Amino acid sequence: MLVAFAGVAFDRLLLREGVPRYDLLAISNLLTGIVAGGFFWQAMRRERDHREFVRERLRTISDMNQPYSQRASGDSFHSYRDQR
C-alpha cells in the first residue's frame with residue numbers, strides 16, 4: 001500500500017515538473033523500486049534480528065536445562081541399578 005502511494009506521489013511530482021512521458025515512467029518506476037527495495041531490506045533485517053534473538057533465547061534455555069537433564073539421567077540410572 002505504501003509503495004503504491006509512493007508511486008502515485010512520484011508520478012504527480014514528475015508530471016508537475018514537466019517531465020516527458022517516457023522519462024516520467026522510467027524515473028517513477030525507478031524511485032518506486034527504490035522505496036520497495038528499502039521496505040524489503042528493512043523487513044529482511046528485522047526477520048534476521050528476530051531469528052537471532054530466538055536462537056539466543058533457545059541457547060540460554062538449553063544451557064539452563066542441561067544440569068537438570070544430566071541430573072535426571074543420573075537419577076534414572078541409579079534407580080534402575082538399585083532395583084537389580
Side-chain angles (χ1 to χ4, degrees):
M1 186 69 158
L2 290 173
V3 174
F5 177 72
V8 171
F10 291 141
D11 286 343
R12 288 185 179 263
L13 175 70
L14 292 170
L15 274 174
R16 190 173 341 141
E17 294 296 321
V19 176
R21 286 282 190 204
Y22 180 75
D23 294 342
L24 168 79
L25 181 64
I27 294 170
S28 177
N29 286 344
L30 175 70
L31 293 174
T32 304
I34 290 171
V35 169
F39 284 134
F40 179 76
W41 179 76
Q42 183 179 16
M44 293 305 294
R45 193 181 75 202
R46 284 185 179 183
E47 178 64 27
R48 184 186 67 227
D49 291 346
H50 179 69
R51 260 189 271 122
E52 185 62 31
F53 172 74
V54 170
R55 185 178 294 124
E56 286 299 320
R57 287 195 68 180
L58 288 174
R59 186 175 297 139
T60 300
I61 291 169
S62 174
D63 290 345
M64 290 173 60
N65 284 338
Q66 188 175 4
Y68 297 113
S69 63
Q70 289 174 350
R71 174 71 180 161
S73 65
D75 287 346
S76 63
F77 171 75
H78 289 295
S79 65
Y80 175 75
R81 191 181 64 177
D82 293 340
Q83 290 175 355
R84 292 176 83 199

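Side-chain atoms are counted along with the backbone in the values below, which use heavy atoms only and exclude waters and symmetry mates. In this text the structure is predicted, and so the values were computed from the model without any measurement.
Following chains of ILVMFWY side-chain contacts shorter than 4.5 Å, one cannot reach I34 starting from F5, and the two form parts of different hydrophobic clusters.
The residues R48 and E52 are annotated as not salt-bridged, no charged nitrogen and carboxylate oxygen being separated by less than 4.0 angstrom.
Looking only at distances, a side-chain donor or acceptor of T60 sits under 3.5 Å from a matching main-chain atom of E56.
Taking a 6.0 Å sphere around CZ of R45, one finds it holds more than 12 heavy atoms contributed by other residues, nucleotides or ligands.
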